[in-house]
Amino acid sequence: MTRPRKLFVKSYGCQMNVYDSHRMADTLAPEGFVETAAPDDADLIILNTCHIREKAADKVYSELGRMRVLKETAAREGRRVTVAVAGCVAQAEGEEIVRRERSVDLVFGPQSYHRLPEMLKRAEYGKVIDTEFPVEDKFDHLAAPSRIAMRKRGPAAFITVQEGCDKFCTFCVVPYTRGAEVSRPVEKIVAEAERLADAGVREIALIGQNVNAYHGRDESGRTSSLARLLYRLAEIPGIARLRYTTSHPRDMDDELIAAHRDLPALMPQLHLPVQSGCDRVLKAMNRGHTRADYLRIIERLRAARPDLALSSDFIVGFPGETEEEFRDTLRLVSDVGYAGAFSFKYSPRPGTPAAEMAQLPENVKDERLQCLQAEIGRQQAAFNARCTGRTFDVLFEKPGRKPGQIVGRSPYLQPVQVMAPAGMVGEIAAVTVTEAGSNSLFGALVRAPKSANARVVEAAGV
Ligand code: SAM
Ligand code: SF4
């Protein structure tokens with residue numbers, strides 16, 4: 001009997017890469033590949049890379065050095081290991097990767113994943129580089145996950161509904177690595193959600209680089225908004241919770257804001273990146289919105305859903321940002337009050353307009369980042385602390401940190417550790433929060449598992 005071929009996939013960066021990695025594994029399963037968590041055991045190693053900041057791209061090259069050693073060890077044992085680089089570094093750097101790291105056999109961009117089986121065959125005879133933006137939709141050709149794979153991945157799943165970006169923020173590589181905005185048709189997304197629900201998935205997060213710019217065709221040929229797609233998915237039996245990420249303030253339309261009020265399955269949590277609190281910087285970033293526009297959207301969202309937990313992305317040290325302009329960002333953070341946020345030092349990306357502008361010294365960026373992260377950390381801790389004593393539904397996802405514990409997510413996306421039977425993974429149950437840490441909550445079950453729609457049992461006060 002031939003031994004199944006082993007596949008090791010490592011994802012860097014965003015959730016879209018995690019989703020893509022799953023779909024690559026699904027596409028390779030019919031070719032006889034089974035996933036392994038150990039790279040030294042693998043016949044095929046895929047690094048699914050991220051190019052968003054310099055550090056993310058650098059990590060790939062140091063990992064490739066380790067993969068070269070594995071490949072050489074395997075060769076001495078008479079085993080062939082194929083090393084592939086996928087994702088945005090592959091798209092942006094193409095052949096340069098093979099020049100820098102000879103052990104790489106295959107380089108392919110995010111739009112080529114469906115051609116993986118064919119590319120692997122070609123890689124047996126020489127290096128393969130595929131960074132085309134093909135005309136056909138890769139989603140039409142990627143294999144669906146098996147029921148076993150879906151169950152293994154847990155009760156909360158992602159579906160990519162939109163890819164690419166037409167907004168061209170001056171700091172960002174995404175429009176160059178992921179290409180123009182494309183939305184998947186409604187029926188394909190619904191079919192994928194139905195399959196997931198059938199395998200026990202209870203929560204779906206719709207993902208896209210600009211997810212609220214979604215404009216896929218529905219069955220009657222009309223364009224559907226993200227809000228309408230969410231309403232459609234909420235009708236699927238078993239799907240109790242919906243989320244979406246990442247949104248752009250410019251695409252936060254009335255219908256979507258109203259869905260936060262009217263659609264019970266839509267969780268009271270939203271990641272809405274703003275990047276800066278200063279209008280001059282926002283303009284230089286080509287964000288297409290002002291600080292006031294952003295604050296107005298937040299006000300309307302909170303009017304629709306008062307307990308909405310907000311998070312955001314911030315960039316500090318954008319070229320030309322003055323101390324006072326950075327203070328504007330700090331003031332915005334304190335005006336909004338976030339449940340959490342990601343913050344980054346500006347990282348010049350080759351080929352983007354901001355990389356050509358006069359850069360700030362690294363120590364200035366470091367100080368600003370520390371200062372902003374301290375404020376965000378305080379807000380996150382305060383948000384978590386306000387949850388103590390509250391009771392809300394938790395979707396249990398996997399075993400917890402300690403024996404006897406399982407961990408799930410609150411409606412606000414915080415991890416919640418609870419002493420409960422492992423058999424409750426996949427269930428939604430009411431939990432009273434007994435203690436709040438800086439990153440997660442601890443709680444106790446208040447009643448037996450139930451399967452009704454997720455809801456906040458006691459919503460006031462967050
Ligand atoms: N489309 C989303 C939006 O418009 O906010 C964000 C997508 S991007 C993958 C995720 C985050 O990475 C951005 O929100 C931004 O904060 C950060 N980012 C992007 N380019 C960056 C750069 N050159 N330096 C530092 N952070 C960057
Ligand atoms: Fe990048 Fe801006 Fe597009 Fe977001 S909207 S992906 S930050 S270019």
Side-chain angles (χ1 to χ4, degrees), residues 11-20 48-59 87-89 91-92 110 158 160-183 205-214 226 244-252 270-278 281-289 293-294 297 310-321 326 329 332-333 338 340-357 359-360 362 364-366 368-369 372-373 376:
S11 283
Y12 297 81
C14 65
Q15 289 153 339
M16 300 204 55
N17 268 7
V18 176
Y19 177 86
D20 284 347
N48 192 8
T49 62
C50 172
H51 201 245
I52 200 83
R53 283 168 290 277
E54 196 179 355
K55 237 193 202 156
D58 286 349
K59 270 193 209 157
C88 293
V89 175
Q91 187 65 43
F158 300 124
T160 292
V161 299
Q162 176 280 339
E163 264 202 297
C165 179
D166 298 337
K167 298 213 164 47
F168 290 91
C169 297
T170 54
F171 53 81
C172 186
V173 288
V174 168
Y176 310 96
T177 57
R178 290 274 176 169
E181 249 177 36
V182 187
S183 296
L206 304 183
I207 56 175
Q209 268 93 24
N210 261 285
V211 72
N212 56 343
Y214 177 81
L226 184 70
Y244 59 93
T245 201
T246 296
S247 296
H248 194 290
R250 268 163 62 186
D251 296 312
M252 213 64 226
L270 178 66
H271 185 66
L272 192 62
V274 63
Q275 315 298 353
S276 166
C278 164
V281 175
L282 287 171
K283 193 153 193 278
M285 287 177 164
N286 190 32
R287 287 290 291 175
H289 63 81
D293 295 336
Y294 182 80
I297 293 165
L310 281 158
S311 58
S312 190
D313 289 345
F314 294 93
I315 294 179
V316 299
F318 184 79
E321 182 191 66
F326 168 64
T329 299
L332 177 107
V333 170
Y338 288 100
F342 298 107
S343 45
F344 312 101
K345 281 194 291 182
Y346 169 70
S347 167
R349 307 312 292 129
T352 59
E356 307 298 319
M357 302 175 189
Q359 304 293 316
L360 293 186
E362 218 45 39
V364 171
K365 295 195 220 174
D366 282 330
R368 290 182 188 170
L369 187 66
L372 178 61
Q373 289 187 335
I376 291 166

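One-based numbering along the sequence shown. Note that ligands are numbered from 1 as they come in the structure, with each ligand's atoms numbered from 1 the same way.
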Yes or no on side-chain contact (heavy atoms from CB on, under 4.5 Å) for Gln91 and His51, after CA distance, side-chain angles and deciding distance?
CA-CA 9 Å; Gln91 187 65 43; His51 201 245; over 6 Å; no
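- For the pair Asp20 and Arg178, the salt-bridge criterion is met [side-chain N within less than 4.0 Å of a carboxylate O].
- Residues meeting the salt bridge (charged side-chain N to carboxylate O under 4.0 Å, His left out) test with Arg368, sequence neighbours left out: Glu321, Glu323.
- Residues Tyr176 and Phe168 bring their aromatic ring centres within 6.0 Å.
- For Phe344 and Phe171, the gap between ring centers reaches or exceeds 6.0 Å.
- Remark: Thr160 pairs with Met16, Tyr19, Phe139, Glu163, Ile207 by the side-chain contact (heavy atoms from CB on, under 4.5 Å) rule, at least two apart or across chains.
- Here the protein contributes Cys172 SG as N, O or S atoms under 2.8 Å from atom 1 (Fe) of ligand 2.
- Near ligand 1, residues Ile52, Arg53, Phe171, Gln209, Thr246, His248, Pro273, Gln275, Arg287, Asp313, Ile315, Phe344, Lys345, Tyr346, Ser347, Arg349 come within 4.0 angstrom through at least one heavy atom.
- Atom CZ of Phe342 is surrounded by 12 or fewer heavy atoms from other residues, nucleotides or ligands within 6.0 Å.
- Proximity of a side-chain donor or acceptor of Lys365 to a complementary backbone N or O of Tyr346 within less than 3.5 Å is detected.
- Not one N or O on the side chain of Asn210 forms a donor-acceptor pair closer than 3.5 Å with the backbone of Cys165.
- More than 12 heavy atoms of other residues, nucleotides or ligands sit less than 6.0 Å from atom NZ of Lys167.
- Set against the non-hydrogen atoms of His248, the atoms of ligand 2 under 4.0 Å away are 5 (S).
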